Amino acid sequence: MRLSFFVATLVLVLTVIGRAEESVLEGIPGIVQGRGEAEIDARFTAGAYASTESFIDALDGQTRNDFATVSSRFFLRASRLGESAEYEATLDLRDKHDFFDKLNRELLELGGANTFQLRQLSIRDPNEDGSFYFTLGRFPLWEAGAVHVDGAEAGLRFSDNLRSALFAGLNPARIDQSYLQFNRDAAVFGSYLAYVPKSEGWVRHFHGTAAFVGQTVENHLDRAYFFNNLVYQWGREGHLTSLVYLDFVPRIYVQTAYLSWRQGLTGISKGLSSDLSFSAIDVIQYSRRQNLLEVLAPSPYKEATWSVKQRIGSVADLQLSGSYGVRSADALSRKEGWFGLSFPQLFGGRVALQMSVGRRRDFVSTDSLARATLGYYSRDWEVTFDQEYGVKSEDSGFVTHPWLSELGVARHLSKSLYATVSLQSARDERVSIFSTFFRIGYRFGSRGVAPIRDAAPSRGKL
């Protein structure tokens, strides 16, 4: 019923716009040759992920923990619609089926559960040449920290670079929900100010946004936060990036923060550069970043990282890097240092190789690590192989030898059709984990497709 309502609304709006346009065009001879044509940008992707965990020692009477899911997405954006060739309609549908998600209490086992999401269904008038712009429907707002709204956005453009807007509606993404839903009891409102220059150079540019967002559940203010994102680049080897979510309700704290500073040091040595970053994340983000073999409960976490890279000739990079982080839940710390050598573009730019060794104090263990990454890149193929081996000495006296391996293969069948396969393996003396991932995607429409890379990509930190 919900999907039918939204789809029917979109079809009705597009039909009205189309008929109005046809009527006007029929009454004005010769305008057909001068009007802009609608642009379509669409893609369909489908994929599957499966993993098998086998434990040496039984946990809760079980030695297996399997996971499998299949998901798909259909995205369609039609722009330059309507009489003034300004309207933009967007549809984003997603579906996910988890095979071990729903508990069957009678059989005491997990069964399949399907989740359908209407991620976006909206009509927008960007009005690039005017002052007032608006959006109606279900849509995300990156200017306000990627908040989702079932309602409306009304904005005012003060200049080509500066604009501001108010938004309000129902909240389809409550904090206690993993997927977007139609929530009659939840609301979201707020405003943002965005400075986004239309024409930014490759070497120097600045853009930023600031927003205040409030979210209510059953007329009770459940969350209120300030969001800020800034990107400033003053040269090829110098840029500053920041992102902050500062919560005021239910209490004042930094939910997520990230600050990154990159600076070229050519005054000291040619080809020398440095990176310094700081991040603070909450429990949810920590759980998403956890290592496959980590067994600690998620916790708020703060971390600082640094790296120094020296270009050696035209084929190699020498890099030193390190980090220090602390968990808030138990004050356990993580310290690590790495020394590495990389060859970003070998054999005509088709091959990339990275090798590094490191030492890490990993909360409750001391680890010695070695890591290597080998990649092959062409117009049609991308193949990467990652291998990491370590010796983990736990505080309890137990020693393990973790192996982590990953093979990824991507194939561009054409400019519009591509497929990706990934195999992952992680094992030590306690557990063995094997996972597979497959994805296929198809892009179509009247808009052009970006050129396919025909060389190894530039590499960042080791």
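Just so you know, these numbers come straight off a predicted model, no measurement behind them. Both backbone and side-chain heavy atoms feed into the values below; hydrogens, waters and symmetry mates do not.
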For the backbone of G145 and the side chain of Y245, can you confirm whether one donor and one acceptor N or O come within less than 3.5 Å of each other?
yes

Is S416 reaching over with its side chain to a backbone N or O of R443, donor-acceptor style, under 3.5 angstrom?
yes

Only counting residues at least two apart or in another chain, list the ones meeting ring-ring contact (aromatic ring centres under 6.0 Å, His included) with F132.
none

Contacts of type ring-ring contact (aromatic ring centres under 6.0 Å, His included), residue Y195, not counting sequence neighbours
F206

Please report the shortest heavy-atom distance between [X] and [Y], naming the atom on each side.
| X | Y | answer |
| --- | --- | --- |
| S287 | P298 | CB-CG, 3.9 Å |
| N161 | P197 | OD1-CA, 3.2 Å |
| E128 | E86 | N-OE1, 3.9 Å |
| S425 | F434 | CB-CD1, 4.3 Å |
| Q263 | W234 | OE1-CZ2, 3.2 Å |
| S446 | E39 | OG-CA, 3.1 Å |

Do [X] and [Y] make a side-chain contact, defined as non-hydrogen atoms from C-beta onward lying under 4.5 Å apart?
| X | Y | result |
| --- | --- | --- |
| S279 | K302 | no |
| L332 | L296 | yes |
| Y49 | V70 | no |
| E406 | S422 | yes |
| L91 | Q120 | no |
| R73 | F44 | no |
| H148 | V188 | no |
| Y133 | T135 | no |

To the nearest 0.5 Å, how far apart are [atom1] in [X] and [atom2] in [Y]?
| X | Y | atom1 | atom2 | result |
| --- | --- | --- | --- | --- |
| R327 | S299 | CZ | OG | 4.5 Å |
| L240 | Y232 | CG | OH | 9.5 Å |
| E218 | R184 | CD | CZ | 14.0 Å |
| L221 | R223 | CG | CZ | 11.0 Å |
| S164 | L156 | OG | CG | 7.5 Å |
| R119 | R94 | CZ | CZ | 4.5 Å |

Is it true that [X] and [Y] have ring centroids separated by less than 6.0 Å?
| X | Y | answer |
| --- | --- | --- |
| Y301 | Y286 | yes |
| F212 | F226 | no |
| F227 | Y225 | no |

Run the side-chain contact (heavy atoms from CB on, under 4.5 Å) test on S333 and Y324 for me, step by step, so that the C-alpha distance in whole Å, both residues' side-chain angles and the decisive distance to 0.1 Å come before the verdict.
CA-CA 7 Å; S333 63; Y324 176 78; 4.0 Å; yes

Can [X] and [Y] be counted as an ion pair, charged N to O under 4.0 angstrom?
| X | Y | value |
| --- | --- | --- |
| R124 | E153 | yes |
| R174 | D185 | yes |
| R289 | E303 | yes |

Among side-chain atoms of [X] and [Y], is any donor-acceptor pair under 3.5 angstrom?
| X | Y | value |
| --- | --- | --- |
| N229 | T209 | no |
| D95 | S72 | no |
| Q424 | S435 | yes |
| D150 | N171 | no |
| R163 | Y192 | yes |

Test: R43 cationic atom under 6.0 Å from F75 six-membered ring centre, within 45° of axis:
yes

Should the pair R360 and W338 be classed as cation-pi, given the thresholds of under 6.0 Å to the six-membered ring centre and 45° from the axis?
no

Using salt bridge (charged side-chain N to carboxylate O under 4.0 Å, His left out) as the criterion, list what pairs up with E88, not counting sequence neighbours.
R77

Residues in salt bridge (charged side-chain N to carboxylate O under 4.0 Å, His left out) with R236, at least two apart?
none

Who are the side chain to side chain donor-acceptor pair (under 3.5 Å) partners of N183, not counting sequence neighbours?
Q177

Sequence-distant partners of D160, side chain to side chain donor-acceptor pair (under 3.5 Å), two or more places apart
none

Would you please test L76 and D92 for side-chain contact (heavy atoms from CB on, under 4.5 Å) and show each step?
CA-CA 6 Å; L76 172 67; D92 189 352; over 6 Å; no

Taking everything shown except I284 itself, do over 12 heavy atoms lie less than 6.0 Å from its CD1?
no

